[in-house]
Amino acid sequence: MTRFLTAIAFVMCSMTAQAQDPAPSELYFNKSELPNGQVFLPAVPDSSSVKYLYDISQYVWGKSRRQDSLRAQQAIRDVVIDVGEMAREFSPAFGMEISKEKTPAIFKVLNLGVVTMRLSAAKLKTTYKRKRPYVVFSEPTLIPAEEEELRNTGSYPSGHTLRGWGMALLLSEINPDVQDELFKKGYEWGESRVIAGYHWQSDTDASRLLASACYARLHTSEAFLKDMAAARKEFAELKRKK
């Protein structure tokens with residue numbers, strides 16, 4: 001119990017210390033320029049479909065994973081959405097501490113890239129207004145402090161998953177030698193949302209596809225390519241000094 005209280009306190013401190021996202025004018029693209037998931041992503045599963053039954057089975061599986069205290073604590077840590085906090089969680093897999101102070105070029109492309117990709121979820125959330133699992137089943141989540149705030153927000157797709165998978169994609173381009181570790185971390189970031197009870201499996205699956213589409217779009221931005229080159233250069237220089 002002490003472990004859980006400590007983890008929850010960590011999350012609450014992180015939430016209050018979050019920095020503001022970059023201004024829209026700083027981002028690589030605006031919403032209308034990003035891939036439109038309504039065109040190529042599957043719709044929310046119908047409640048009579050096999051896909052919905054799978055969503056339910058994964059919800060039950062997610063609750064069972066809360067019995068693993070280490071995995072439950074990870075799911076609680078993965079609730080952060082501030083890029084600085086996310087970078088700290090991804091640093092072990094990346095093999096180097098990532099921060100605005102120590103790796104400014106890497107942090108810049110992560111901050112602008114992740115927040116740009118996250119814009120792509122807004123239209124889908126508004127369109128589908130899917131109820132979250134804990135709302136449908138009237139059950140507690142792993143992160144009770146956020147239940148009321150998110151109760152009436154759309155579940156499809158998962159913004160957390162989009163951010164986490166997007167960060168894994170960006171970091172793997174900077175340090176491809178550890179791509180597998182980064183993708184594992186990125187996948188688990190979305191998995192944590194199922195375990196916590198905030199998202200259906202199909203929400204997280206759609207978000208990984210959407211993040212991948214946005215990642216491809218980023219590579220058509222001259223500003224992004226310039227920032228990514230600077231990030232790779234910074235990483236190479238820091239790696240030589242180790």
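Predicted model, so just to flag it, every value in this text is computed and none were measured. Only heavy atoms go into these numbers, but all of them, side chains included; no hydrogens, no water, no symmetry mates.
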| Do the charged groups of K185 and D78 touch, with an N to O distance under 4.0 Å? | yes
CG (L210) and OG (S212) are apart, to the nearest 0.5 Å, by 9.0 Å
d(Y134 OH, I143 CD1) to nearest 0.5 Å is 10.0 Å
ask   = Is any side-chain heavy atom of P24 less than 4.5 Å from a side-chain heavy atom of N30?
value = no
Run T161 and H199 through side-chain contact (heavy atoms from CB on, under 4.5 Å) and show every step you take. CA-CA 10 Å; T161 302; H199 282 286; 5.5 Å; no
* Does a sphere of radius 6.0 Å around CD in E222 hold more than 12 heavy atoms from other residues, nucleotides or ligands, not counting ones at 6.0 Å or beyond? -> no
Only one of Q179, H219, R232 passes side chain to side chain donor-acceptor pair (under 3.5 Å) with E173, and that residue is H219
Residues A211 and G166: closest non-hydrogen pair is CB-N, 4.1 Å
key: Within-4.5 Å side-chain heavy-atom neighbours: L170 and F224   = yes
_Ring centre gap for W165 and Y215 strictly below 6.0 Å_ = no
- Task: Ignoring hydrogens and angles, tell me if any N or O in the side chain of D227 forms a donor-acceptor pair with the backbone of K108 under 3.5 Å.
- Result: no
Between E191 and the options R65, Q58, R71, Q201, the side chain to side chain donor-acceptor pair (under 3.5 Å) test singles out R71
Output for pair (L218 CG, L225 CG), nearest 0.5 Å, gives 9.0 Å
Is there side-chain contact between K100 and V83, with at least one heavy-atom pair below 4.5 Å? no
Mutual orientation of the aromatic rings belonging to W200 and Y59 [parallel < 30°, tilted 30-60°, perpendicular > 60°]: tilted
Between A231 and I106, the two heavy atoms sitting closest are O-CG1, 3.7 Å
| So, the side chain of R132 versus the backbone of L150: is there a donor-acceptor pair under 3.5 Å, distance only? | yes
Stepwise side-chain contact (heavy atoms from CB on, under 4.5 Å) check, K123 with T126: CA-CA 5 Å; K123 191 172 184 179; T126 300; 5.9 Å; no
Side chain to side chain donor-acceptor pair (under 3.5 Å) filter on Q74, not counting sequence neighbours, yields E188
Fill in: Transitive ILVMFWY side-chain link I56 to V44, under 4.5 Å
no
Exercise. Would you say the side chains of R163 and S207 form a donor-acceptor pair under 3.5 Å?
Worked result: no
Heavy-atom closest pair (A75 atom, I195 atom, distance to 0.1 Å) is CB-CG2, 4.2 Å
(Q) What I want to find out is whether K51 reaches D205 closely enough, with some N-O distance under 4.0 Å, to be called a salt bridge. (A) no
**Prompt:** Aromatic ring centroids of F235 and F94 under 6.0 Å?
**Reply:** yes
*Begin with the C-alpha distance, continue with both residues' side-chain angles, and end with the deciding distance and a verdict on side-chain contact (heavy atoms from CB on, under 4.5 Å) for L41 and Y156.*
CA-CA 11 Å; L41 288 177; Y156 182 93; 3.9 Å; yes
Residues S202 and D55: closest non-hydrogen pair is OG-OD2, 2.7 Å
Could you give the side-chain donor-acceptor pairs of residues 112-122 under 3.5 Å, partners two or more places apart or in another chain?
{"residue": "T116", "atom": "OG1", "partner": "Y28", "partner atom": "N", "Å": "3.3"}
{"residue": "T116", "atom": "OG1", "partner": "L112", "partner atom": "O", "Å": "2.6"}
{"residue": "S120", "atom": "OG", "partner": "M117", "partner atom": "O", "Å": "2.6"}

Does Y54 share a hydrophobic cluster with V136, counting links as ILVMFWY side-chain heavy atoms below 4.5 Å and allowing steps through other members? no
- Query: Are W189 and Y187 co-members of a hydrophobic cluster defined by side-chain heavy atoms under 4.5 Å apart?
  - Reply: yes
Cluster link L142 to F137, ILVMFWY, side chain under 4.5 Å: no
Output for pair (F107 CZ, K102 NZ), nearest 0.5 Å, gives 14.0 Å
Heavy-atom closest pair (E97 atom, T103 atom, distance to 0.1 Å) is O-CG2, 3.5 Å
Looking only at the side chains, is there a donor atom on one of R88 and S91 sitting less than 3.5 Å from an acceptor on the other? no
*Determine, for E148 against R151, whether the closest basic-nitrogen to carboxylate-oxygen distance falls under 4.0 angstrom.*
yes
- Single-linkage hydrophobic cluster, 4.5 Å side-chain cutoff, F29 and F40 together: yes
Nearest heavy-atom contact between E234 and P104 is OE2-CD, 3.2 Å
dist L124:CG -> S155:OG (nearest 0.5 Å) comes out at 12.0 Å
For this session: Evaluate the criterion side-chain contact (heavy atoms from CB on, under 4.5 Å) for residue pair H160 and V79; output intermediate values, then yes/no.
Result: CA-CA 7 Å; H160 280 77; V79 73; 4.1 Å; yes
CG (L182) and CG (L169) are apart, to the nearest 0.5 Å, by 9.5 Å
- Query: On the ring face of Y198, is R193 found with NZ or CZ under 6.0 Å from the centre and within 45° of the axis?
  - Reply: yes
